[in-house]
Amino acid sequence: MKEFTCTVADPCGLHARPAGRLAALAKQFSSSITVRTGSKEADAKRLLSLMGLGASEGAELHFKAEGADEDAAIEALQAFFSSEQAETERHDG
Amino acid sequence: MTDERFPCRSIQGVGVSGGRAAGILRFYNATPAEPLQTAETDQKKRLERALNGTLSALEALRLHAEAEISAETAEIFEIHAMILCDEEFTDALRERLEHGDTAEEAVHTVTESLAARFRAMSDPYLSARAADLLDLRGQLLEQLRGGARSSLPEEQGSFILVAKDLTPSQTVLLDRSRILGFVTFEGTANSHTAILARAMGIPALVSVGELPASFNGAYALLDATQGSLVVSPDAETARCFRKQSAAEAALSEKHEQYLRTIMNKPAVTRSGHRMLIYANVGDAKEAAAAYRNGADGIGLLRTELLYLSMQREPTEEELYKAYRSTIEAMEGKRIVIRTLDVGADKQIPYLDLPREENPALGLRAVRLCLAREALFKRQLRAILRASVHGTVSVMVPMVVSVEEVRDCRRLLSECMEELSRASIPFSPKPEFGIMVETPAAAVMSRELAREVDFFSVGTNDLLQYTLAADRQSPQLEELCRRNREPVLRLIRAAAEAIHQCGGWIGICGELAADLTLTQRFAEMQIDELSVSVPYLLGVRERVIDCK
């Protein structure tokens with residue numbers, strides 16, 4: 001079981017488009033991937049589930065990956081969020 | 001201007017897209033179509049078909065938005081498709097069916113409960129997503145009915161459209177030439193309607209509250225920047241409004257006018273190299289817009305739209321009619337028709353494409369067509385028949401070998417023979433070319449140049465395949481942006497090869513519209529640049545300015 005925590009940088013929160021990309025990314029892995037924010041939990045492979053988290057800017061996301069490819073999954077999540085961060089900074093600048 | 005029928009009223013709302021408009025208010029009529037009498041009672045089957053039909057419709061809307069508005073707005077339909085495919089959504093629907101609901105009842109229940117969940121969210125952007133689910137509901141119900149959706153008011157002329165709320169799919173299909181602006185009772189600054197209104201440049205005012213139906217037909221002043229709607233203004237107010245609008249419009253008009261003066265000027269560089277400025281379009285309506293913007297021709301007619309908008313494969317006759325109307329819209333100017341360019345990544349259920357790990361590298365485009373000869377020949381025959389109505393070139397996508405070109409030529413000849421025998425007229429020698437969008441084609445350009453009349457470079461895919469980088473991936477955006485040199489070298493090699501054989505070369509991918517590259521393309525003696533309609537005038541201006 002591997003974990004990873006990050007903060008939502010996008011002023012719009014974890015909304016439809018990045019949630020869609022995140023779900024598509026998570027689906028590539030066989031491990032189960034869940035994400036918790038505050039008291040809510042979601043299946044990272046399900047778009048509606050992710051959107052239902054209502055994660056806004058500044059919210060902390062705690063990811064848990066469990067399975068054969070959990071290391072690769074966490075790495076991919078890290079890469080995803082660091083590029084999302086870069087994207088947001090670009091737009092602000 | 002004050003009309004006794006319509007007392008003067010001033011209404012506030014949220015301006016979600018700037019601009020002004022003055023005109024008659026026309027209320028959008030959402031007349032539900034009669035439920036289609038269907039023999040199909042199996043609710044599961046009906047739901048499956050409705051889901052598939054909606055996916056196809058969403059794909060068509062996505063392509064339409066991508067071509068006519070922007071990639072960002074096209075993503076909206078991509079998201080809709082993702083929601084539709086989400087297991088939570090489809091599981092909930094199937095569960096309702098097991099409870100004995102009809103397909104319609106299931107769709108109503110599930111979408112409503114999900115919409116309620118979203119509405120309850122504190123984040124305004126997320127709570128606005130509830131509207132998405134209602135739009136999807138509308139699409140699914142429409143598919144179940146099998147009927148066409150309501151359309152614009154019948155009356156002639158332009159007007160300000162008024163509605164309770166406009167869903168994203170409705171706004172994308174609005175005919176801008178008739179609509180001066182729109183007003184909705186509901187909606188938020190974060191709704192997709194707002195995003196689209198801004199992208200389309202239509203002034204819009206949302207959340208004005210319920211307007212009485214008696215306003216239908218009243219003259220009104222819409223100031224989206226101020227967030228106000230004045231219904232039935234007095235003469236003085238109306239005059240001031242028009243004066244202010246005129247001043248604003250004059251500034252952008254000046255630039256527009258300048259562009260129009262060059263619209264019909266041949267795009268010749270200062271050293272005398274002539275480049276044809278063509279347009280990339282999907283249908284006759286876009287072709288007409290291209291023609292009006294001075295396009296010298298169509299460099300890419302995407303034939304996929306018709307396939308995507310139907311629930312079954314289009315017949316030769318349907319294809320012929322669609323091609324014909326597009327060809328005629330260009331009034332004799334050349335139109336390059338690209339044959340079917342789809343693969344497993346596109347939702348075309350009736351083609352029954354097996355799932356692929358890497359659809360971008362899979363059985364798609366020409367490979368698919370050569371594997372499904374009957375499908376391919378139907379399209380080729382339709383193109384040949386339509387070719388008598390104008391100047392038509394045929395172009396095949398994703399070619400990698402001379403063998404593929406010869407196979408296509410053989411099929412094309414067979415079609416010509418079949419048409420001859422049936423005494424159906426067609427243009428005897430249509431130009432035949434290929435898209436250069438794979439590294440293989442670029443590397444083999446000398447051999448390929450001997451087999452075809454022209455090349456057209458699909459830079460989007462060529463970049464992707466050459467850099468081995470997914471062009472949809474945000475992590476690779478910078479890599480793709482900084483590494484265009486490999487593609488430019490391949491283009492130069494292909495240009496030399498085709499010119500040596502007496503043929504021509506065009507560029508129809510996104511790089512064609514990149515004004516920082518126009519000079520280099522001129523130096524390579526590229527013969528044609530094909531861009532989407534909004535870029536036509538800008539590119540022409542740039543070419544004229546080149547050395």
Side-chain angles (χ1 to χ4, degrees), chain A residues 8-30 32-35 37-59 61 72 75-91 93, chain B residues 62 71-93 110-111 113-133 135-136 168 189-192 194-195 345 355 357-358 470 472-479 481:
Chain A
V8 178
D10 195 329
C12 295
L14 188 67
H15 59 101
R17 271 176 258 131
R21 291 204 290 261
L22 180 57
L25 178 72
K27 276 199 199 146
Q28 289 172 26
F29 300 97
S30 64
S32 86
I33 307 178
T34 55
V35 53
T37 184
S39 58
K40 292 193 250 177
E41 206 176 272
D43 180 344
K45 298 181 185 181
R46 304 267 187 105
L47 172 64
L48 286 172
S49 189
L50 282 174
M51 284 171 73
L53 283 177
S56 34
E57 184 184 9
L61 301 172
E75 253 183 67
L77 288 169
Q78 281 167 332
F80 177 85
F81 280 101
S82 60
S83 81
E84 285 291 311
Q85 174 91 357
E87 173 101 6
T88 313
E89 277 160 14
R90 244 210 308 276
H91 285 166
Chain B
R62 188 187 72 81
E72 193 188 322
T73 55
E75 264 188 64
I76 291 166
F77 298 108
E78 215 176 300
I79 304 249
H80 283 197
M82 284 198 286
I83 291 178
L84 210 60
C85 295
D86 190 70
E87 281 132 355
E88 195 180 327
F89 189 76
T90 49
D91 283 348
L93 285 171
V110 173
T111 51
S113 86
L114 274 170
R117 254 170 67 187
F118 280 97
R119 250 180 253 129
M121 288 184 196
S122 50
D123 185 303
Y125 187 94
L126 291 174
S127 75
R129 302 283 65 79
D132 295 355
L133 291 161
D135 189 16
L136 271 179
N190 278 311
S191 62
H192 282 315
I195 299 168
D345 54 332
R355 225 189 79 84
E357 282 295 318
N358 283 310
D470 183 349
Q472 319 258 38
S473 169
Q475 287 136 295
L476 300 176
E477 208 184 297
E478 197 167 336
L479 181 91
R481 218 173 359 102

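Predicted, not measured: the structure shown is a model, and the values here were computed from it. Naming: A, B, ... by sequence-line order, numbering from 1 per chain.
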Working to the nearest 0.5 angstrom, can you tell me the gap between A:M51 CE and B:R117 CZ? 10.0 Å

Over all heavy atoms of both residues, which pair between B:D86 and A:L47 is shortest? Give the atoms and the distance, please. OD1-N, 3.0 Å

Write down the atom of A:R46, the atom of B:E87, and the distance for their closest heavy-atom approach. NE-OE1, 3.0 Å

Turns out that what part of A:A79 lies under 4.5 Å from chain B's heavy atoms comes down to both

